[in-house]
Amino acid sequence: DITTKDHANLLLQPSASGVRQVVLLGAGMDSRAFRMDWPEGTRLFEVDTAAPLDFKASVLRQERAVARCERITVAVDLREDWPGALAAAGHDPAVPTAWIAEGLLIYLPEDAVELLLARISTQSAAGSRMGLTLGSRGVIERFGADAAPGSAASMWVSEMPDDPVGWLAAHGWAADSHTLRERAAAYGRPISTPPQREERPGGLISAVRR
Ligand SMILES: C[S@@+](CC[C@H](N)C(=O)[O-])C[C@H]1O[C@@H](n2cnc3c(N)ncnc32)[C@H](O)[C@@H]1O
């Protein structure tokens, strides 16, 4: 999908410039470790809670999937001391990291999002990269309110700030934000349906640590 493709570029560029440490926060069923062409020496950490990581491990075993980089899973709740768990698993904050958090922040209350970003920032050497997806403004009201209990949308709690680029600048990141429509067009897969409402700066964020 477009998000994945956009952040794939975000991973390939730092790879080209020497970033060999990748962290997927709320990795879920992300399969990048198994399908991307990683440079020699890449270490990729998948952070999620134990249940999804265990399920994923069983599927990977069944499929006899082989990672194309050094893949390390870190079972920890992102509301707990995940930087400690990540460091114990071998993450080195002294060298740059490419962080990916897709489909994650929308599930965390605002104070937890702030804390997560502050922690990412302190673990990020200059030159680190970050790819985020943020819930678009109004998405919770439109989809979350009537969502079936237990569905993903029923668990959405936070949307993007009014000024995501400014918000990230305050945390020490030079960020760009894009809409899905904009990125889709840039990849030659334009969305043909007209926008149903005025489109705000988008929820696809790429950022470089200053
Ligand atoms: C919608 S999925 C997105 C998965 C993947 N990033 C993707 O884009 O396909 C959200 C993931 O975040 C994880 N997650 C949500 N809250 C978490 C928390 N507090 N600690 C660790 N993982 C969490 C969930 O277990 C789930 O795997």
Side-chain angles (χ1 to χ4, degrees), residues 1-12 14 21-36 38 44-60 63 65 67-69 71-89 91 97-123 129-136 139-140 142-144 147-160 164 177-180 183-184 187 202-207:
D1 67 54
I2 299 292
T3 305
T4 299
K5 193 164 177 186
D6 198 37
H7 289 165
N9 285 350
L10 185 121
L11 289 173
L12 294 175
Q21 194 167 238
V22 178
V23 179
L24 309 180
L25 295 169
M29 301 303 123
D30 187 301
S31 61
R32 285 184 175 99
F34 301 86
R35 59 184 168 77
M36 285 180 63
W38 298 101
L44 180 146
F45 299 87
E46 294 189 6
V47 181
D48 210 305
T49 49
L53 286 177
D54 288 348
F55 171 74
K56 186 175 188 174
S58 70
V59 175
L60 291 169
E63 298 296 324
R68 306 179 70 184
C69 57
R71 172 177 178 263
I72 301 163
T73 56
V74 184
V76 66
D77 192 306
L78 288 165
R79 292 166 296 189
E80 289 165 13
D81 177 25
W82 63 265
L86 191 58
H91 176 256
T97 302
W99 304 89
I100 295 284
E102 289 170 342
L104 175 69
L105 302 189
I106 199 168
Y107 296 97
L108 303 177
E110 226 165 273
D111 54 346
V113 172
E114 280 299 322
L115 178 60
L116 186 79
L117 184 57
R119 284 168 153 179
I120 293 173
S121 301
T122 57
Q123 305 302 311
R129 314 288 171 123
M130 185 163 64
L132 304 176
T133 60
L134 304 176
S136 313
V139 76
I140 295 176
R142 266 183 280 131
F143 299 109
S151 68
S154 72
M155 294 185 274
W156 290 349
V157 292
S158 75
E159 296 178 352
M160 62 197 284
S177 83
H178 303 275
T179 60
L180 185 62
R183 286 292 87 197
Y187 290 123
L204 299 183
I205 305 288
S206 59

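Every number for a ligand or one of its atoms is a count from 1 in the order of the listing. None of these values were measured; they are calculated from a predicted model.
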Note to self: Quick one, His91 with Gln21, criterion side chain to side chain contact (heavy atoms under 4.5 Å, CB included). Give me CA distance, side-chain angles, the key distance, then yes/no.
What the structure shows: CA-CA 8 Å; His91 176 256; Gln21 194 167 238; 3.3 Å; yes
Notebook entry, point to check: Can you tell me if Glu102 and Thr133 form a side-chain donor-acceptor pair at under 3.5 Å?
Noted result: no
Checklist line | Protein contact to atom 22 (N) of ligand 1 [nearest heavy atom, distance to 0.1 Å] | finding: Asp48 OD1, 3.3 Å
Next item on the list: Determine yes or no for a side-chain-to-main-chain donor-acceptor pair under 3.5 angstrom, with Asp48 supplying the side chain and Gly28 the backbone.
Entry: yes
Notebook entry, point to check: Looking only at atom types and distance, does a side-chain atom of Trp38 sit under 3.5 Å from a main-chain N or O of Arg32, one as donor and one as acceptor?
Noted result: yes
Next item on the list: Would you give the length of the straight line joining atom CZ of Arg119 to atom CG of Leu86, rounded to the nearest 0.5 angstrom?
Entry: 11.5 Å
Next item on the list: For the residue pair Thr122 and Pro83, establish whether any side-chain heavy-atom pair is separated by less than 4.5 Å.
Entry: no
Next item on the list: Report yes if some N/O of Asp77 lies less than 3.5 Å from some N/O of ligand 1; otherwise report no.
Entry: yes
Next item on the list: Kindly compute the distance separating CD1 (Ile120) from CG (Leu132), expressed to the nearest 0.5 Å.
Entry: 6.5 Å
Checklist line | Top protein contact for atom 20 (N) of ligand 1, by heavy-atom distance | finding: Leu78 N, 2.8 Å
Note to self: As a test of the contact definition, would atom 25 (O) of ligand 1 count as having a protein heavy-atom neighbour under 4.0 Å?
What the structure shows: yes
Item checked: Per-atom contacts, ligand 1 versus Gly103 - under 4.0 Å to a heavy atom -> 1 (C), 2 (S), 3 (C), 10 (C)
Margin query: Is it the case that atom CZ in Phe55 sees more than 12 heavy atoms from other parts of the structure closer than 6.0 Å?
Written below: no
Note to self: Considering both backbone and side-chain atoms of Asp30, is one of its nitrogen or oxygen atoms within less than 3.5 Å of a nitrogen or oxygen in ligand 1?
What the structure shows: no
Note to self: Among all the protein's non-hydrogen atoms, which is closest to atom 3 (C) of ligand 1, and how far away is it?
What the structure shows: Glu102 O, 3.5 Å
Checklist line | ligand 1 atoms in contact with Arg79 (distance to a heavy atom under 4.0 Å) | finding: 19 (N)
Next item on the list: Indicate yes or no: does an N/O atom of Gly26 lie under 3.5 Å from an N/O atom of ligand 1?
Entry: yes
Notebook entry, point to check: For ligand 1, which part of Val76 has a heavy atom less than 4.0 Å away: the side chain, the backbone, both, or neither?
Noted result: backbone
Item checked: Atoms of ligand 1, numbered as shown, that sit under 4.0 Å from any heavy atom of Pro52 -> 25 (O)
Item checked: Inter-residue atom distance Trp82.CH2 - Gln123.CD, 0.5 Å rounding -> 6.0 Å
Checklist line | Atoms of ligand 1, numbered as shown, that sit under 4.0 Å from any heavy atom of Ala27 | finding: 4 (C), 5 (C), 6 (N)
Check: When you measure from atom 16 (N) of ligand 1 to every protein heavy atom, which one gives the shortest distance, and what is it?
Finding: Leu104 CD1, 4.0 Å
